[in-house]
Amino acid sequence: MSDNAYYIPHEKADSVKIDAKQYDAVIQSVDVTKDIRCNGFIADIFKPLYRITNEDGKGTIVKDNGVFRYKDKAGFQFKASKNWGYAKFCEILGLDKQRDGKIHLPFIEDGMIDGYSVVISIDYKHFVNEGGMRISYPVATLKEKTGEAPF
């Protein structure tokens with residue numbers, strides 16, 4: 001592995017161009033970042049990768065903006081209400097389990113939801129980077145599950 005790292009000023013990054021609307025898609029995989037500290041709380045962040053199956057955009061891969069799963073862990077604050085987004089995500093996919101008056105939210109393991117057919121909504125995030133360039137990229141939000149994995 002090389003330790004070389006460099007930056008070429010004014011080189012454009014490859015970017016995905018797709019209309020902001022709803023699409024049919026298949027979940028390809030999920031990127032997970034564990035134990036992120038958020039203002040005294042701690043969470044795992046899940047970012048599914050969706051492959052669009054509609055003709056207008058077929059094959060395009062778009063990443064979810066991310067859903068946070070806040071954890072009740074010693075040394076950190078915890079409010080169950082902060083898990084509303086993850087609870088909705090799990091409910092859509094049928095992963096939540098209710099018992100003892102609580103909705104238990106699983107940790108999504110590698111491959112657990114790969115292949116699910118879904119409907120996603122595409123929107124764009126915009127910001128200006130440190131170099132003063134306006135950056136815009138698509139993010140997906142899960143709206144509906146339309147089918148289980150075919151295997």
Side-chain angles (χ1 to χ4, degrees), residues 5 7 11-73 75-99 102-151:
Y7 171 71
E11 182 179 80
K12 295 255 184 201
D14 292 336
S15 60
V16 175
K17 298 291 184 207
I18 190 163
D19 290 339
K21 64 179 188 174
Q22 288 195 352
Y23 293 90
D24 294 325
V26 172
I27 299 175
Q28 292 294 114
S29 63
V30 179
D31 290 341
V32 181
T33 306
K34 296 180 183 177
D35 297 330
I36 299 300
R37 290 170 171 79
C38 312
N39 298 321
F41 295 86
I42 191 162
D44 298 326
I45 304 171
F46 298 81
K47 293 185 177 185
L49 288 142
Y50 305 101
R51 180 178 42 82
I52 293 176
T53 58
N54 296 70
E55 281 304 315
D56 58 335
K58 191 169 190 154
T60 302
I61 304 289
V62 182
K63 188 180 278 193
D64 195 286
N65 196 38
V67 285
F68 286 65
R69 181 181 180 264
Y70 290 92
K71 303 185 285 189
D72 189 1
K73 190 171 182 179
F76 295 94
Q77 298 176 55
F78 178 74
K79 289 184 185 172
S81 62
K82 289 183 76 67
N83 278 326
W84 69 270
Y86 194 75
K88 181 177 179 183
F89 182 83
C90 288
E91 178 185 9
I92 290 169
L93 294 177
L95 303 175
D96 58 335
K97 303 286 187 236
Q98 291 193 27
R99 65 178 184 268
K102 297 177 185 175
I103 299 172
H104 293 266
L105 305 171
F107 182 90
I108 297 174
E109 301 285 341
D110 189 36
M112 194 169 160
I113 60 174
D114 295 2
Y116 279 30
S117 296
V118 295
V119 174
I120 58 172
S121 177
I122 301 290
D123 289 305
Y124 276 80
K125 290 284 185 176
H126 308 280
F127 67 96
V128 176
N129 70 11
E130 292 175 358
M133 293 176 53
R134 182 173 166 78
I135 305 296
S136 181
Y137 62 93
V139 292
T141 302
L142 179 66
K143 293 297 183 184
E144 178 184 351
K145 179 176 85 171
T146 57
E148 301 287 332
F151 41 84

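Each residue takes its place number in the sequence, starting with 1. Below, all heavy atoms of this structure are taken into account, side chains as well, without hydrogens, waters or symmetry copies.
Note that the CZ atom of Phe89 and the OG1 atom of Thr141 stand 10.5 Å from one another [nearest 0.5 Å]. Taken from CG in Asn65 to NZ in Lys47, the straight-line distance is 6.5 Å, to the nearest 0.5 Å. With values rounded to the nearest 0.5 angstrom, Ile92 atom CD1 is found 8.5 Å from Glu144 atom CD. Distance check: Thr60 OG1 to Asp19 CG gives 10.5 Å after rounding to the nearest 0.5 Å. The structure places CG of Leu49 at 9.5 Å from CG of Asp114, a figure rounded to the nearest 0.5 Å.
Counting all heavy atoms, side chain and backbone alike, Thr53 lies closest to Ala25 at OG1-N, 3.7 Å. Minimum heavy-atom separation, Lys145 to Tyr116: CD-CD2, 3.5 Å. The nearest pair of heavy atoms linking Ile45 to Gly66 is CG2-CA, 4.3 Å. Across all their heavy atoms, Phe41 and Lys82 have their closest contact at CE2-CD, 3.6 Å. Across Pro138 and Val62, no two heavy atoms sit closer than the pair O-CG1, 4.0 Å. Of all non-hydrogen atoms in Arg69 and Pro106, the two that sit nearest each other are NE-O, 3.4 Å.
Here the side chain of Asn83 pairs a donor or acceptor atom with the backbone of Tyr70 at under 3.5 angstrom. Checked by atom type and distance alone, the side chain of Thr146 pairs as donor or acceptor with a backbone atom of Ser117 at under 3.5 Å.
Around atom CG of Asn129, more than 12 heavy atoms belonging to other residues, nucleotides or ligands sit under 6.0 Å away.
Looking only at side-chain heavy atoms (C-beta outward), Leu142 and Val67 stay at 4.5 Å or farther from each other. Taking the side chain as every heavy atom from C-beta outward, Phe127 and Tyr137 approach each other to under 4.5 Å. Between Lys21 and Asn54 the shortest side-chain heavy-atom distance does not fall below 4.5 Å. Between Ile108 and Tyr86 the shortest side-chain heavy-atom distance falls below 4.5 Å. Annotation: side chain of Val32 is not in contact with side chain of Asp110 (no heavy-atom distance under 4.5 Å). A heavy-atom distance below 4.5 Å is not found between the side chains of Glu91 and Ile103.
Within the structure, side chain to side chain donor-acceptor pair (under 3.5 Å) pairs that include any residue of residues 33-42 comprise Asp35-Lys71 (at least two apart or interchain).
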Can you check side chain to side chain contact (heavy atoms under 4.5 Å, CB included) on Ile18 and Tyr23, steps first, answer last? CA-CA 10 Å; Ile18 190 163; Tyr23 293 90; 3.1 Å; yes
Going through the checks in order, is the side chain to side chain contact (heavy atoms under 4.5 Å, CB included) test met by Ile27 and Val118? CA-CA 7 Å; Ile27 299 175; Val118 295; 4.0 Å; yes
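Ring-plane geometry between Phe46 and Phe107 is classed as perpendicular, the angle between the planes exceeding 60 degrees on a 0 to 90 degree scale with a lower cut at 30.
Asp31 pairs by the salt bridge (Lys or Arg N to Asp or Glu O under 4.0 Å) definition with Lys63, not counting sequence neighbours. By the side chain to side chain contact (heavy atoms under 4.5 Å, CB included) test, Asp123 pairs with Ser121, sequence neighbours left out.
Ion pair Glu55/Lys58 flagged as a salt bridge, since at least one NZ, NE, NH1 or NH2 atom sits closer than 4.0 Å to an Asp/Glu carboxylate oxygen.
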